[in-house]
Amino acid sequence: MKLSTPIAIIIASVSFLPVMAAPSNEELLECLDSLLLIRNDLDKKRQYIVEDYRHKLSDARNDDERYRLNNMLYEVYSHYSIDSAMNYLDRNFKIVDAVRDTLRIADLKIKKSFLYAASGLLMESANEISGLQSNNLPSNIRKAYFAQMAYLYDHMANYLRINPISTNAYFDKSNEYKDSLVSIMTNEDPEYLWFKGWSRLGAPVEKRKEIIRELRKDLDKSTLTTPYDAKNAYILGCLYSKNGDADNALRYVAMSAIADVQLCNRDIAALQRLAMMCLERGDVERAHNYIGYCMDAALKYPNRVRASTIAPLQHQINAAYQEKLRTQERMRRMFLILVSILSVCFAVAVLVIIREMRQLKEQRKGLDEVNALLNARIKELSETKSQLSEANDKLSSLNSQLKEANTDLNESNYVKEEYVGYVFSLCSHYIKQMDDFRRTINRHAKVKQWNDVLTLTEGKSMEKDALKEFYTNFDTIFLHLYPHFVSDFNSLLQPDQRIFPKEGELLSTELRIYALVRLGITDSVKIADFLHCSPQTVYNYRFRTRNKAILPKAEFIEAVKTLGHVVIE
């Protein structure tokens, strides 16, 4: 059997809900609604599993294999069909009776007691398990015994809810068995958190918070595809409800219901509780759908205890649902009357509009003639205006070009004047330095202090000092002319790649290269001569800097050439 593609997608998406980003409560409820729509297909998927087990059972070669497969079919049917589950239990009873396997008989009695309790035959359930002594049972069967006794007393309490005294006594007895069960369980037991959560339901807040953390940690990595996921999510919702956290209570009860519906569990408590929560939130539509599914499942299972607890809630929900329908009917009638009144008003308005349109049509004819004459005059004025506008645009363009030319000329003249004075001053300074150096060499030569002459001429400190002074003078005069060059240049670079001089510097090497570009020197060889480095070094600096730019290469160079304006004092 194969499921249709849309149905398979829904099942897959729901199965992986906890793994994905945490869905909202509304998204969980929408997933649950989608699953309820495909309930028949989920039943077919389950039937396919059953048929596979039955086929294997027909091919079983010995009693042990038949016992194992009967037990697997019991597990499949235990929360789906009591009659079918009882059938496979009876088959196993016949197998173990023949060999008088007391441990297996005890295990089967516990399972049969569960089926009796689930169907509402509480006395028969108690009689079936009454002969067993827990102290004589091995650990795994003792756990099943305690779990069944807790389940039985829970059902007795729910069935006799009209009698508060009896109900409290049965609940107390159930809690005793739960506590006993938790005391012999380990963290490895699949139902450990389930029973521990039940045992902490009436405990102080701090103990409830502790088990809440354990349950959430387990559910965060689950896929809501096992009965244990359904149970853990349900008890976590109950714990949150006990703590007054309505949102998380709804969330995890909805997750439990999703797991139950996927597993085709007809003994479904989570959906019943979720229906009550939806009713309390005012979501009557969902509450009605959920409780209807619960009652249908309880009758098919059949579970008399569950049906008896569903019936009052279903009556309350149906009453709210009927009231909602009556309210909607009143609203529909009001809207119908309102629409009728609006329709009459609309018809009157249409008639008035038709009459007005006829009058306007006659007036428009006269206006069209006047408009035609005006349009002719407007066309003539428009042509005249267009010619005048073109002339103004040309004059404005010429004025702008003339203004830019004057600005550039003023800047160029000022730069030339500044730099001519700077060059003359620099030349005079270097002539004086050279003369001082000549005199020093001459003085040492006269007294034949050749070692001192060699010391003075071999070292490069003089050259370094001269270059440093030269760069400082260049940086000073350049920034004097273009004081905003550094910030303007960095505006062309990516924010995290901007270049700033080190402490004690006016311009870095990269900034000095592009300062020369701003002055019109774009040839890397000339720049290298100016900076006393190799052309390849200049090329590398320019290449790295262009890679940091926010503009293409050609646009970047042109933008650098127009950076800033000369500050003319």
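Being a predicted model, the structure only gives us computed values, none of them experimental. Along the sequence shown, the residues carry numbers beginning at 1.
The main-chain N or O of Tyr252 is never found under 3.5 Å from a side-chain atom of Ser256 such that the two would form a donor-acceptor pair. With Asn243 contributing its side chain and Asp245 its backbone, the two residues share no donor-acceptor pair below 3.5 Å. Listed for the Ser34 side chain is a donor-acceptor partner under 3.5 Å among the backbone atoms of Glu30. Side-chain N or O atoms of Arg208 include one that pairs as donor or acceptor with a backbone N or O of Ala203 at under 3.5 Å. Proximity of a side-chain donor or acceptor of Asp189 to a complementary backbone N or O of Met185 within less than 3.5 Å is not detected. Judged purely by atom type and a 3.5 angstrom limit, Arg498 uses its side chain to pair as donor or acceptor with the backbone of Asn490. The main-chain N or O of Gln314 is found under 3.5 Å from a side-chain atom of Asn318 such that the two form a donor-acceptor pair. Remark: the backbone N or O of Ser174 is not paired with any side-chain donor or acceptor of Asp154 at under 3.5 angstrom. Judged by distance alone, the side chain of Ser119 and the main-chain N or O of Leu115 form a donor-acceptor pair under 3.5 Å. Side-chain atoms of Asn265 do not come within 3.5 Å of backbone N or O of Asp260 as any donor-acceptor pair.
What you find for Lys143 and Leu181 is that their closest heavy atoms are O-CD1, 3.3 Å. Across all non-hydrogen atoms, the minimal contact from Leu122 to His155 is CD2-CB, 3.9 Å. In this structure, Thr226 and Ala259 approach most closely via the heavy-atom pair O-CB, 4.4 Å.
For Tyr321, the ring pair (Phe, Tyr, Trp, His ring centres under 6.0 Å) partners are His288, not counting sequence neighbours.
Atom CZ of Arg333 is surrounded by 12 or fewer heavy atoms from other residues, nucleotides or ligands within 6.0 Å. For NZ of Lys548, the number of neighbouring non-hydrogen atoms (other residues, nucleotides, ligands) closer than 6.0 Å is greater than 12. By the neighbour-count criterion of 12 heavy atoms within 6.0 Å, atom CZ of Phe93 is densely surrounded, having more than that number from other residues, nucleotides or ligands.
Below 30°, between 30° and 60°, or above 60°: for Phe146 and Tyr177 the angle between ring planes is between 30° and 60°, a tilted geometry. The aromatic rings of Tyr301 and His79 sit parallel to each other, their planes meeting at less than 30°, with 60° as the upper class boundary.
Within the 4.5 Å cutoff, the side chain of Leu325 has no heavy atoms near those of the Glu329 side chain. Using a 4.5 Å cut-off on side-chain heavy atoms (C-beta onward), Glu51 and Gln47 make contact.
Between Lys300 and Asp296 there is a salt bridge, with a side-chain nitrogen of the basic residue lying less than 4.0 Å from a carboxylate oxygen of the acidic one. Of the charged side-chain nitrogens involved, at least one lies within less than 4.0 Å of a carboxylate oxygen, so that Lys324 and Glu285 count as a salt-bridged pair.
Taking the six-membered ring where the residue is Trp, the centroids of Tyr151 and Phe114 are separated by under 6.0 Å.
None of Ile317, Leu29, Leu313 except one satisfies the side chain to side chain contact (heavy atoms under 4.5 Å, CB included) rule with Tyr290; the exception is Leu29.
Between the side chains of Ser113 and Gln148, a donor-acceptor pair is found at a separation under 3.5 Å.
Taking the ring axis of Tyr240 as reference, the NZ or CZ atom of Arg251 does not stay both within 45° of it and closer than 6.0 Å to the ring centre.
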(Q) Between Glu124 and Lys112, does the salt bridge (charged side-chain N to carboxylate O under 4.0 Å, His left out) criterion hold? Intermediate values first, please. (A) CA-CA 9 Å; Glu124 288 81 352; Lys112 195 168 187 178; over 6 Å; no
Q: Walk me through it: do Arg100 and Asp97 pass the test salt bridge (charged side-chain N to carboxylate O under 4.0 Å, His left out)?
A: CA-CA 5 Å; Arg100 304 306 301 167; Asp97 280 343; 3.6 Å; yes
